[in-house]
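The next block holds one structure in the form of structure tokens; read it before the comments.
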2 protein chains.
Amino acid sequence: MLPADRHQQILNRLQEHGIVHIHELSQTFSVSEMTIHRDLDQLETEGHLRKVRGGAVPIPAPALASPVETCFMCHTAPRSQTQMTLHLSNGVVQRACCPHCGLHGLMMLGDQVVSAFASDFLRGNAINAQAATYVVEPAVAICCTPTVLAFQNKSDAERFQKGFGGQVLDIARTLQFLNQAAHLKSHRKKEM
Amino acid sequence: MLPADRHQQILNRLQEHGIVHIHELSQTFSVSEMTIHRDLDQLETEGHLRKVRGGAVPIPAPALASPVETCFMCHTAPRSQTQMTLHLSNGVVQRACCPHCGLHGLMMLGDQVVSAFASDFLRGNAINAQAATYVVEPAVAICCTPTVLAFQNKSDAERFQKGFGGQVLDIARTLQFLNQAAHLKSHRKKEM
DNA sequence: GACAACATGTTAGAATTTGTTATAATGCCT
DNA sequence: AGGCATTATAACAAATTCTAACATGTTGTC
């Protein structure tokens, strides 16, 4: 049994019974009480429970996200720093979770799109998608893959690239990249 | 069997069981544990899972900012990638726009805070404020000043610092920094 | 067929986890 | 408050797991 397994089961028992006892847990999992102590210490610093003498009790879980409109491409929830909005000629506004989906949508909808806004990844403010600078395929996966992030300044994009890698592209080259990626790569789970 | 097949099956098993064990996977697919390690490394950098000792677990869903509520310190609107939540002993949940406000609130409220969550600046998922790594005063101003950003991995924080500068600190040193910064402006002192 | 790119296995050393022991701290009882 | 039993912490050694480096085999391209 893995430490992570044990941690999960401890949290389950905690939720079920409202309290867990160290002596009991050590027998259940056939490990020493010291190991349970260390498990509880870690879960406590991660904010999952509160240690009391001889065991642990639950703490309130973080507030759950309220239901929000989802990405019109992949149906995950858009976040302020990555989202894009596409304004169509018929007045409809489409919301995308990230530039990956937003730019794919842009290609898909073609002339129907009157204007497109991305969000600056650092600050979250809306920027024109045409004027934005994009970082494609950095070393961290964010939202959909291949990861595409938008920046209001080219210098911000280059700074991000300095730490996280990837290519700094304008919108035309980013669209070109996504087109090639869509043709070359086999479909992945969260690709759209 | 192709690596891509194995990756897909690993993800399926992960979704089904909530955890996968390296030893078990290596036997199932008749490959060495090193190969499974490499599979999990790749899936981790692609953002599909998180490695733990002996196996891997799914990625928690990102937290969402509800548009209405404002920061309890500065009353600006919190965004998903920067927000913090403080859970108080009386059950109240306080929401802050960014670690700058959240950590100031943490100092102010002291023992009343049962647990504190920050959001990973890159992905927006909730992380424990105690275990997070912070970048203080980078070359870009984001939300309140002095700018403080939270990261789930120290390596992410260091990568960000590589491009944008600033200091990489743990929570204790970040609080210390904020205290000193506050003293330069006003001469009020808070003990912890 | 030569070559590069990729996938896999093996090994040694580093890092993490675990149990044991000794010592400190806490709660409870009178 | 003092004494006792229980629980918590710290330090160490042993076991396990992780990582990096290299060697080997496989695939695809020219």
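This one's a predicted model, so the numbers in the text were calculated from it and none came from an experiment. A, B, ... follow the sequence lines: proteins, then strands. Residue 1 opens every chain.
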Legend entry - Set of residues satisfying salt bridge (charged side-chain N to carboxylate O under 4.0 Å, His left out) with respect to A:R13, sequence neighbours excluded: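 Partners of A:R13 under the salt bridge (charged side-chain N to carboxylate O under 4.0 Å, His left out) test: none.
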Contact list (N/O, under 3.5 angstrom) for nucleotides 16-20 of chain D vs protein:
unit_1	atom_1	unit_2	atom_2	d
D:dT16	O2	B:R53	NH2	3.0
D:dT17	O4'	B:R53	NH2	2.9
D:dC18	OP1	B:G54	N	2.4
D:dC18	OP2	B:H37	NE2	2.9
D:dT19	OP2	B:K51	NZ	2.9

Legend entry - A:I142 reachable from B:I59 in the ILVMFWY side-chain graph, under 4.5 Å edges: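 Looking at the clustering, A:I142 is in a separate group from B:I59.
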Inset, instruction - Using heavy atoms to find the nearest nucleotide of DNA chain C for A:Q42 and B:T35 separately, return the residue whose nucleotide is more 5′. - result: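 With A:Q42 and B:T35 compared, the 5'-side residue is B:T35.
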Legend entry - Residues which pass side chain to side chain donor-acceptor pair (under 3.5 Å) with A:Q81, listed by chain and number, not counting sequence neighbours: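 Not a single residue meets the side chain to side chain donor-acceptor pair (under 3.5 Å) criterion with A:Q81.
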Inset, instruction - Output all residues satisfying side-chain contact (heavy atoms from CB on, under 4.5 Å) with A:A139, sequence neighbours left out; order by chain, then residue number. - result: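 With sequence neighbours excluded, A:A139 shows a side-chain contact (heavy atoms from CB on, under 4.5 Å) to B:R159, given in chain and number order.
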Inset, instruction - Give a yes or no answer on whether the side chain of B:D170 reaches the backbone of B:R173 with a donor-acceptor pair at less than 3.5 Å. - result: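 Flag set: sc B:D170 to bb B:R173 pair under 3.5 Å.
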Inset, instruction - Mark yes or no for whether B:T85, through its side chain, and B:R95, through its backbone, hold a donor-acceptor pair below 3.5 Å. - result: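 No, B:T85 side chain to B:R95 backbone: no donor-acceptor pair under 3.5 Å.
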Inset, instruction - Return the angle between end axes of the helix from C:dG1-D:dC30 to C:dT30-D:dA1, with five pairs used per end and rounding to 10°. - result: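 Inter-axis angle at the ends, rounded: 40°.
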Legend entry - Stepwise side-chain contact (heavy atoms from CB on, under 4.5 Å) check, A:F164 with A:L149: CA-CA 12 Å; A:F164 296 95; A:L149 302 175; over 6 Å; no
Legend entry - Cluster companions of A:L2 among Ile, Leu, Val, Met, Phe, Trp, Tyr (side-chain spacing under 4.5 Å):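 The other cluster members (ILVMFWY side chains, heavy atoms under 4.5 Å, direct or chained) are B:I19, B:V52, B:V57.
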Inset, instruction - Share the residues that join A:F117 in a hydrophobic cluster, the rule being Ile, Leu, Val, Met, Phe, Trp or Tyr side chains under 4.5 Å apart at the heavy-atom level. - result: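 Via sub-4.5 Å side-chain contacts, A:F117 links to none.
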Inset, instruction - Taking heavy atoms of chain B and a 4.0 Å limit, find me the 5'-most and 3'-most nucleotide of DNA chain C within that range. - result: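 Nucleotide range with atoms under 4.0 Å of chain B: C:dA7 to C:dT17.
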Anything under 3.5 Å between a donor and an acceptor, one on a side chain of residues 127-138 of chain B, the other on a protein residue two or more places apart or in another chain? List them.
unit_1	atom_1	unit_2	atom_2	d
B:N128	OD1	B:Q130	N	2.8
B:N128	OD1	B:A131	N	3.4
B:N128	ND2	A:T45	O	3.1
B:N128	ND2	A:E46	O	3.1
B:Y134	OH	B:A129	O	2.8

Legend entry - Sub-4.0 Å heavy-atom contacts from residues 5-15 of chain A onto DNA chain C, ordered by number: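 Heavy-atom cutoff 4.0 Å gives A:R6.
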Quiz: residues 30-40 of chain A side-chain donor-acceptor pairs under 3.5 angstrom, not counting sequence neighbours:
unit_1	atom_1	unit_2	atom_2	d
A:S32	OG	A:M34	N	3.4
A:S32	OG	A:T35	N	3.3
A:S32	OG	A:T35	OG1	3.2
A:E33	OE2	A:H23	ND1	2.8
A:H37	ND1	A:K51	NZ	3.2
A:D39	OD1	A:R6	NH2	3.0
A:D39	OD1	A:H7	NE2	2.9
A:D39	OD2	A:R6	NE	2.6
A:D39	OD2	A:R6	NH2	3.1

Legend entry - Inter- and intrachain pairs under salt bridge (charged side-chain N to carboxylate O under 4.0 Å, His left out), touching residues 113-122 of chain A, at least two apart: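 The answer is A:D120-A:R123.
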